[in-house]
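Structure, as structure tokens:
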There are 2 protein chains.
Amino acid sequence: MSNEFKDCLLPAELSQTGFSYTLSEISGKYKIEILYLLSIQGTRRFNEIKRTMGAISFKSLTNALQGLTNDHLITRHQFPEIPPHVEYQLSSRGKSLLPVLDAICLWGESHQPSAE
Amino acid sequence: MSNEFKDCLLPAELSQTGFSYTLSEISGKYKIEILYLLSIQGTRRFNEIKRTMGAISFKSLTNALQGLTNDHLITRHQFPEIPPHVEYQLSSRGKSLLPVLDAICLWGESHQPSAE
DNA sequence: CGGTATCCAAGAAGATACTG
DNA sequence: CAGTATCTTCTTGGATACCG
């Protein structure tokens with residue numbers, strides 16, 4: 001296990017760990033939820049994601065999707081149609097986050113107060 | 001694996017999953033990093049945490065620690081001394097998050113660009 | 001030492017209108 | 001349909017001063 005206690009973590013050293021790198025890519029109010037959503041639902045269109053996310057604005061969803069696309073965690077496929085048709089799905093890099101998403105999901109299922 | 005595709009996720013239903021419950025407890029700019037820090041370093045005092053976190057203000061650290069304490073993810077032990085002496089460490093509930101923390105750490109180690 | 005209280009600035013996010 | 005642009009609002013977070 002990688003969590004034996006170490007007393008050697010120096011100031012500012014935390015920011016050099018893989019831990020912080022992961023956070024830099026998935027932190028943000030909606031990013032992780034979008035990744036989770038796509039991990040469950042597969043390929044989804046812009047407005048399908050928006051509806052499932054509930055109270056999210058166009059702008060915030062656009063920002064989150066662009067950030068995830070720039071980090072190559074999801075792929076964006078635009079069909080040359082009128083009206084426009086854009087689909088998002090997890091990239092292979094995004095799919096490599098599944099262990100993280102699963103761990104988060106499992107913890108919540110077993111620790112939320114009103115668990116079934 | 002809990003990530004077979006399901007097409008049954010309805011609008012607003014995402015917020016009822018264990019996934020969202022986990023996020024509600026660990027989201028925030030510093031919470032996860034503090035949990036990770038304590039998972040590595042064990043018991044730490046307020047200013048030790050502050051130094052390791054680098055650029056964090058008293059107020060933000062106080063807020064994060066109080067939030068984590070209220071959610072019973074860490075414990076706060078105050079020694080009746082002058083000057084004050086307060087120690088923080090993961091609670092058993094907090095330790096149950098170790099799989100999540102480990103997953104985040106492992107992904108970062110294997111995916112950050114400058115990984116050795 | 002380990003906070004709290006106050007004020008202020010910066011960034012995130014919502015609402016709305018408009019576009020290809 | 002899937003955005004962009006703009007404006008406004010609101011939440012976070014930082015700086016500072018003070019307290020037990």
Side-chain angles (χ1 to χ4, degrees), chain A residues 11-12 14-15 20 23-35 37-38 41-71 73-91, chain B residues 11-12 14-15 20 23-35 37-38 41-71 73-91:
Chain A
L14 186 61
S15 62
S20 293
L23 292 186
S24 71
E25 298 221 353
I26 64 176
S27 68
K29 195 171 180 180
Y30 302 113
K31 280 185 177 180
I32 309 188
E33 291 199 39
I34 293 171
L35 291 172
L37 171 69
L38 290 177
Q41 298 194 328
T43 301
R44 286 285 137 171
R45 298 177 64 165
F46 184 88
N47 274 315
E48 290 175 332
I49 298 173
K50 184 173 187 305
R51 273 190 297 274
T52 307
M53 296 287 293
I56 187 174
S57 65
F58 284 102
K59 181 182 156 189
S60 297
L61 181 55
T62 299
N63 283 346
L65 290 171
Q66 287 177 348
L68 292 169
T69 304
N70 288 339
D71 289 337
L73 293 174
I74 62 175
T75 58
R76 178 183 185 276
H77 182 46
Q78 180 165 3
F79 294 84
E81 300 174 4
I82 301 293
H85 178 167
V86 179
E87 289 183 350
Y88 295 91
Q89 60 179 317
L90 290 188
S91 67
Chain B
L14 186 62
S15 63
S20 292
L23 292 185
S24 71
E25 297 222 352
I26 65 177
S27 67
K29 195 170 180 179
Y30 303 111
K31 280 186 177 180
I32 309 188
E33 290 199 39
I34 293 171
L35 292 172
L37 171 69
L38 291 177
Q41 298 194 329
T43 301
R44 287 284 137 170
R45 298 177 62 166
F46 183 89
N47 274 314
E48 290 175 331
I49 298 173
K50 184 173 188 305
R51 274 191 296 273
T52 307
M53 295 289 292
I56 187 175
S57 65
F58 285 101
K59 180 183 157 187
S60 298
L61 181 55
T62 299
N63 283 346
L65 289 172
Q66 285 178 348
L68 292 169
T69 304
N70 288 339
D71 289 336
L73 293 174
I74 62 176
T75 58
R76 178 182 185 276
H77 182 44
Q78 180 166 2
F79 295 84
E81 300 174 6
I82 301 294
H85 179 169
V86 179
E87 289 184 350
Y88 295 92
Q89 60 180 318
L90 290 189
S91 66

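Proteins get letters first, then strands, A, B, ... in listed order; numbering begins at 1 in each. Atom set for the values below is all heavy atoms of this structure, side chains included, hydrogens, waters and symmetry mates excluded.
Remark: N47(A) is in phosphate contact with dA2(D), judged by side-chain N or O atoms under 4.0 Å from OP1 or OP2. OP1 or OP2 of dG3(C) lies within a sub-4.0 Å distance of a side-chain N or O belonging to R76(B). Close to dT4(D), at under 4.0 Å from its OP1 or OP2, lies a side-chain N or O of Q66(A). Within the structure, a side-chain polar atom (N or O) of Y88(B) is placed less than 4.0 Å from OP1 or OP2 of dG3(C).
When rounded to the nearest whole Å, the span between CG of L61(A) and C1' of dT16(C) equals 17 Å. Computed from coordinates, the I74(B) CD1 to dG2(C) P distance equals 14 Å when rounded to whole Å. Atoms CD1 (I49(A)) and C1' (dC1(D)) sit 13 Å apart, rounded to a whole Å. dC1(C) atom C1' lies 7 Å from atom CZ of R45(B), rounded to whole Å. Atom pair Q78(B):CD and dC1(C):C1' shows a separation of 10 Å (rounding to whole Å applied). Taking atom CG of residue L65(A) and atom P of nucleotide dA13(C), one finds them 13 Å apart after rounding to whole Å. The nearest whole Å value for the distance from the CZ atom in R51(A) to the C1' atom in dG3(D) is 15 Å. Rounded to a whole Å, the CD atom of E87(B) is 16 Å from the C1' atom of dG3(C).
Minimum heavy-atom separation, Y30(A) to A55(A): OH-O, 3.9 Å.
Of the possible donor and acceptor atoms, none in the side chain of T69(B) sits under 3.5 Å from a partner among the backbone N and O of T75(B).
Here the CD atom belonging to Q41(A) is positioned 4.5 Å from the OG1 atom belonging to T52(A), to the nearest 0.5 angstrom. Rounding to the nearest 0.5 Å gives a distance of 4.5 Å between CG of L65(A) and CD1 of I34(A). The distance from atom CG of N70(A) to atom CZ of R76(A), rounded to the nearest 0.5 Å, is 11.0 Å. For the atom pair R44(B) CZ and L90(B) CG, the distance stands at 12.5 Å (nearest 0.5 Å). Rounding to the nearest 0.5 Å gives a distance of 9.5 Å between NZ of K31(A) and CD1 of I74(A).
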request  = Using a 4.0 Å heavy-atom cut-off, write out nucleotides 5-20 of chain D from 5' to 3' as B (base contacted by protein), S (sugar-phosphate only) or - (no contact).
outcome  = -BB-----BBB----B
